[in-house]
Amino acid sequence: MAPQPRHFLDLASHETAYLRHLLELTGRMKAGEFAGRPLEGRTLAMIFRKSSTRTRVSTEAGMAQLGGHALMISDRESQMGRGETVADTARVLSRYVDGILIRTFGHDEVVELAREASIPVINGLTDLLHPCQVMADLFTGVEEFGDDPAALRVAWIGDGNNMANSWLNAAYRFGFPLRLACPPEYGPDPEILKRARSAADVQLVPSPAEAAESAHIVTTDVWASMGQEDEQRARAMAFADYRVDEAVMKRADPSAIFLHCLPAHRGEEVTAGVIDGPRSRVFDEAENRLHVIKAILLDLIG
Ligand code: CP
Ligand code: NVA
């Protein structure tokens, strides 16, 4: 039987040493090593069933910078949009290209794609997880506070969504303390929470201020993620007290940074004063998506 390709679907299924290796490779990417064309002749298919700016552009630019090629496949232009199965798509693309990045709704779809593909699959966001983003967030944290992600103290404020779940997986693997303040009916995935608690000091706390207490990283995300647009009004009410503002940031460590995966809604989950203020690192974080995806691409398909 052919060896199984390595995928990047979530942090939890990788050893901590491998995640550390990717962070180290990210640093070398950012420092300008690998300026040659290590992915010459390699092609990546990017399936986007949801919108994207950062993930799509950083991946396409990253492939080009490494000497490879990326091609975009959306529902509108492909047979997936007309109901061709994930399994058949995986088998066919495996005959043409060297890797697949997929952004979609159900996480199961990505798992199935990876199971049926004979090439590496990268999760570019599902309703459950956004692993490439949390790697960029961890990298931004270690750039600021030193090399060991285990030494970070992290506060998550707002929706228990794909980013919150991804932070839980990061805490599970690196063992750093993570406090989350989410409205009771919008908590993170219970299984992912339970697993993280088996390995790290993870607490659900009642208010953003308590979550932020002494944190190095204060982070949040939109109140309604892609696919939840119909819930926007109800969510705006439920999340009204779950905003990162100047008072919340004051509770954090004096050196704390603010992170947000973007896109952001100023005046909803974060005030303009915080996201555009001196503690914000959101554009370094966005830049780091490029260095992270290049590290993942080199590792998986190089
Ligand atoms: N943060 C992030 O994944 O952004 P995009 O939706 O623009 O890809
Ligand atoms: N939670 C957001 C992240 C966007 C990058 C969403 O899923 O829409």
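For ligands, and for the atoms within them, numbers begin at 1 and follow the listed sequence. The structure presented is a predicted model; accordingly, all values stated were derived computationally and were not measured. Below, all heavy atoms of this structure are taken into account, side chains as well, without hydrogens, waters or symmetry copies.
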Margin query: Checking side-chain polar atoms at under 3.5 Å, does Ser214 have a donor or acceptor matched by the opposite partner on Asp253?
Written below: no
Notebook entry, point to check: When only distance counts, is Asn162 in polar contact with ligand 2, meaning an N/O pair under 3.5 Å?
Noted result: yes
Item checked: Atoms of ligand 1, numbered as shown, that sit under 4.0 Å from any heavy atom of Thr53 -> 5 (P), 7 (O), 8 (O)
Next item on the list: Would you mind running through ligand 1 and noting each atom that sits below 4.0 Å from a heavy atom of Gln133?
Entry: 1 (N), 2 (C), 3 (O)
Check: Hey, which atoms in ligand 2 end up nearer than 4.0 Å to a heavy atom of Asn161?
Finding: 1 (N)
Check: Short list, please: which atoms of ligand 1 are under 4.0 Å from a heavy atom of Leu262?
Finding: 1 (N), 2 (C), 4 (O)
Check: Under 3.5 Å, N or O to N or O, is Ser225 touching ligand 2 that way?
Finding: yes
Notebook entry, point to check: Taking the six-membered ring for Trp, are Phe239 and Tyr242 parallel (under 30°), tilted (30 to 60°) or perpendicular (over 60°)?
Noted result: perpendicular
Check: Out of Arg103, Arg54, Arg56, whose heavy atom is nearest to atom 6 (O) of ligand 1?
Finding: Arg103
Checklist line | Closest candidate by heavy atom, reference atom 8 (O) of ligand 2, pool Arg54, Met226, His260 | finding: Met226
Check: Taking only residues two or more places apart in sequence or in another chain, which ones pass side-chain hydrogen bond (donor to acceptor under 3.5 Å, both in side chains) with Arg54?
Finding: none
Note to self: Do Ser166 and Gln133 pair up side chain to side chain, a donor and an acceptor below 3.5 Å, judged on atom types alone?
What the structure shows: no
Next item on the list: Please determine which of Thr55, Thr126, Asp127 meets the side chain to side chain donor-acceptor pair (under 3.5 Å) test together with Lys50.
Entry: Asp127
Next item on the list: Measure the distance from atom 4 (C) of ligand 2 to every protein heavy atom, then report the residue, atom name and distance (to 0.1 Å) of the closest one.
Entry: Leu125 CD1, 3.9 Å
Notebook entry, point to check: Can you name the side-chain hydrogen bond (donor to acceptor under 3.5 Å, both in side chains) partners of Ser78, sequence neighbours left out?
Noted result: none
Notebook entry, point to check: In ligand 2, which numbered atoms sit nearer than 4.0 Å to a non-hydrogen atom of Leu262?
Noted result: 5 (C)
Note to self: What verdict does the salt bridge (Lys or Arg N to Asp or Glu O under 4.0 Å) test give for Glu269 and Arg243, after you've listed the backbone C-alpha separation in whole Å, the side-chain angles of each residue and the deciding distance to 0.1 Å?
What the structure shows: CA-CA 4 Å; Glu269 74 275 7; Arg243 172 177 295 119; over 6 Å; no
Note to self: Please list, in number order, the atoms of ligand 1 under 4.0 Å from a heavy atom of Arg289.
What the structure shows: 1 (N), 2 (C), 3 (O)
Check: Which residue holds the protein heavy atom closest to atom 3 (O) of ligand 1, what is that atom called, and what is the gap in Å?
Finding: His130 NE2, 2.8 Å
Item checked: Carboxylate-amine/guanidinium contact Lys30 Glu143, below 4.0 Å -> yes
Notebook entry, point to check: Which protein heavy atom lies closest to atom 3 (C) of ligand 2, and at what distance to 0.1 Å?
Noted result: Asp221 OD2, 3.5 Å
Notebook entry, point to check: Is Cys261 close to ligand 1, meaning an N/O of one under 3.5 Å from an N/O of the other?
Noted result: yes
Notebook entry, point to check: At a 4.0 Å cut-off, with the gap strictly under it, does some heavy atom of Asp159 reach an atom of ligand 2?
Noted result: no
Next item on the list: Give the minimum heavy-atom separation between Ile122 and Ile296, together with the two atoms involved.
Entry: CD1-CG2, 3.9 Å
Check: Does the side chain of Asn169 come under 3.5 Å of the side chain of Asp10 through a donor N or O and an acceptor N or O?
Finding: no
